[in-house]
Amino acid sequence: MTQQTSKGTDGVSRRKFLVGAGTAGVVGIAGCTTNPGASSGNSGGNGSSDNGNSGSGDLSGEVIIKGSSTVYPVSEAMAEEFMKEHDVNVSVDSTGSGGGFQNHFCPGNADINGASRPIKDSEKQLCSENGVKPVEFQVASDALTVAVNNNADWVDCLSFEQLSQIWRPDGAQKWSDINSEWPDKEFELYGPASSSGTFDWFIDNVIQDADAIRDDYEPTEDDNRIIQGIEGSKYAMGFFGYAYYEENKNNVKAVQIKENADGSCTEPSIENAKNGDYPMARPLFIYAAQSSLEEKEQVYAFMEYYLKQAETDIVSRIGYVPSSAELRDENLSKLEQYSSN
């Protein structure tokens, strides 16, 4: 038995990822409507200022965010800063990209969903059946990181094919199955659960020919649990968003990655993700419900704040590539479509 994910139109090819957040465009899924609760301007509505403060002292209510554990640290930081300036309760839960779409956003129980891969066609259909129209915004880029124990001194670099051998169903069982000079010890594997966008991205882009992942690993939506598992075993391996490695770089060792056997080993870093050198770079998204943008002033204001701050060092301090000024402006222009003025 294996854990599977859908492919075809649901998948996203890394090759389709335009280098860095700065050159990637955004695709609006919902149509253009009005937002009775927001004002306009080139940078969005609600009397915004250049520093991203939406400036309304009358905001209240709540904003509910679910979705990707990879995007979670960014949304959490944005929520904390926004709540310092507004009497709005912004709740952020890490449920996995797919788990958020399936259980919260598409059923209409969340305003925003973080996602570490684009929304799937099946999720668009589920949202449509519930009258929810998602609006896509790319807010950052990630260098998805594979990590091993600090004492795993035999491995510094792995290719996509070697990673596929380790993680695909009926693949390698021991380190020595990958390289005869490596320990004759079984892998101890930790990774995201099937509700995770990182899980989907890894299958679609790294395992590729298997369309599934082995089931004898410890799946979790808690990336810190993956870190703990790797710390606890010399023969362990796991993968997660770069921000979690950045936070734990003294506790685990990041493996350099090359796309094929003849490729160059490249370490995960913000710079390597930004310039396109790192083969496991990927875009990160948030999706807002069109109805929330139209009907909830606080959601519109929070989104405006989020999209402006996504271009600042708040994102790089967390461990991701911020959006460029061009992408920020594209996002704000799209958001403005939901303003009534």
Side-chain angles (χ1 to χ4, degrees), residues 68-77 80 92-97 114 116 140-160 162-163 166-167 172 174-175 178-179 182-183 185-193 195-199 201-202 206 213-214 216-258 265-274 277-282 284 313-322:
S68 167
S69 62
T70 304
V71 182
Y72 171 82
V74 181
S75 296
E76 184 183 42
E80 289 178 354
V92 188
D93 290 327
S94 173
T95 62
S97 303
S116 57
S141 298
D142 176 36
L144 192 155
T145 300
V146 174
V148 295
N149 188 276
N150 279 339
N151 295 319
D153 55 1
W154 60 88
V155 57
D156 295 312
C157 178
L158 290 167
S159 67
F160 274 27
Q162 289 173 319
L163 286 171
I166 294 169
W167 284 92
K174 300 180 179 180
W175 284 97
I178 303 299
N179 185 324
W182 291 354
K185 298 290 185 179
E186 292 188 355
F187 299 107
E188 187 171 328
L189 301 175
Y190 299 84
S195 57
S196 163
T198 300
F199 171 97
W201 193 97
F202 196 80
V206 177
I213 197 168
R214 62 194 300 164
D216 57 343
Y217 77 101
E218 182 170 330
T220 177
E221 274 304 331
D222 183 354
D223 293 277
N224 291 308
R225 173 65 192 119
I226 300 175
I227 296 286
Q228 293 167 2
I230 296 170
E231 282 187 87
S233 172
K234 185 176 180 178
Y235 306 104
M237 171 186 287
F239 60 94
F240 36 71
Y242 180 76
Y244 289 89
Y245 168 68
E246 183 74 10
E247 187 177 355
N248 295 277
K249 58 184 2 174
N250 293 325
N251 303 321
V252 298
K253 182 173 90 172
V255 177
Q256 297 180 45
I257 300 296
K258 55 183 178 181
C265 296
T266 305
E267 65 177 5
S269 69
I270 293 176
E271 188 60 32
N272 286 336
K274 185 176 182 179
D277 289 343
Y278 186 63
M280 295 174 75
R282 58 176 177 159
L284 303 177
D313 59 2
I314 288 179
V315 175
S316 56
R317 287 201 302 267
I318 291 170
Y320 298 127
V321 181

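Side-chain N or O atoms of Q162 include one that pairs as donor or acceptor with a backbone N or O of S159 at under 3.5 Å. Between the side chain of D223 and the backbone N or O of F240, no donor-acceptor pair lies under 3.5 Å. Although no hydrogens or angles enter the test, the distance criterion places a donor-acceptor pair under 3.5 Å between the side chain of S116 and the main chain of T198. Checking side-chain atoms of N149 against main-chain N and O of E231 turns up a donor-acceptor pair under 3.5 Å. A side-chain donor-acceptor contact under 3.5 Å links N150 to the backbone of N251. With Y217 contributing its side chain and P192 its backbone, the two residues share a donor-acceptor pair below 3.5 Å.
Residues passing the ring pair (Phe, Tyr, Trp, His ring centres under 6.0 Å) test with F239 are W167, F202, sequence neighbours excluded. A search for side-chain hydrogen bond (donor to acceptor under 3.5 Å, both in side chains) contacts involving N224 returns nothing, not counting sequence neighbours. For the salt bridge (Lys or Arg N to Asp or Glu O under 4.0 Å) test, no residue two or more places apart in sequence or in another chain qualifies with E76. The salt bridge (Lys or Arg N to Asp or Glu O under 4.0 Å) test applied to K185 returns no partner, not counting sequence neighbours. A search for salt bridge (Lys or Arg N to Asp or Glu O under 4.0 Å) contacts involving K174 returns D184, not counting sequence neighbours. When the ring pair (Phe, Tyr, Trp, His ring centres under 6.0 Å) test is applied to Y190, no partner is found at least two apart in sequence or on another chain. Shown here are the side-chain contact (heavy atoms from CB on, under 4.5 Å) partners of E221, two or more places apart in sequence or in another chain: S69, A193, S195, S196. Under the side-chain contact (heavy atoms from CB on, under 4.5 Å) criterion, D313 pairs with S316, R317, not counting sequence neighbours. Among residues two or more places apart in sequence or in another chain, the side-chain hydrogen bond (donor to acceptor under 3.5 Å, both in side chains) test is passed with E218 by R225. In this structure, E267 has no salt bridge (Lys or Arg N to Asp or Glu O under 4.0 Å) partners at least two apart in sequence or on a different chain.
Smallest separation of non-hydrogen atoms from I230 and A147: CD1-O, 3.6 Å.
Taken from CD1 in I270 to CG in D142, the straight-line distance is 9.5 Å, to the nearest 0.5 Å.
Between W182 and W175, the ring planes lie perpendicular to each other; the angle is over 60°, past the 30° to 60° tilted range.
When side chains are defined from C-beta on, L189 counts as touching R214, because their heavy atoms get closer than 4.5 Å. For the pair L284 and Y320, the minimum side-chain heavy-atom distance is below 4.5 Å.
Residue pairs meeting the salt bridge (charged side-chain N to carboxylate O under 4.0 Å, His left out) criterion with at least one member in residues 239-251, sequence neighbours excluded: E246-K249. For residues 232-241, there are no salt bridge (charged side-chain N to carboxylate O under 4.0 Å, His left out) pairs, not counting sequence neighbours.
Checked for salt-bridge contact, D156 and K253 meet the test: a charged N lies under 4.0 Å from a carboxylate O.
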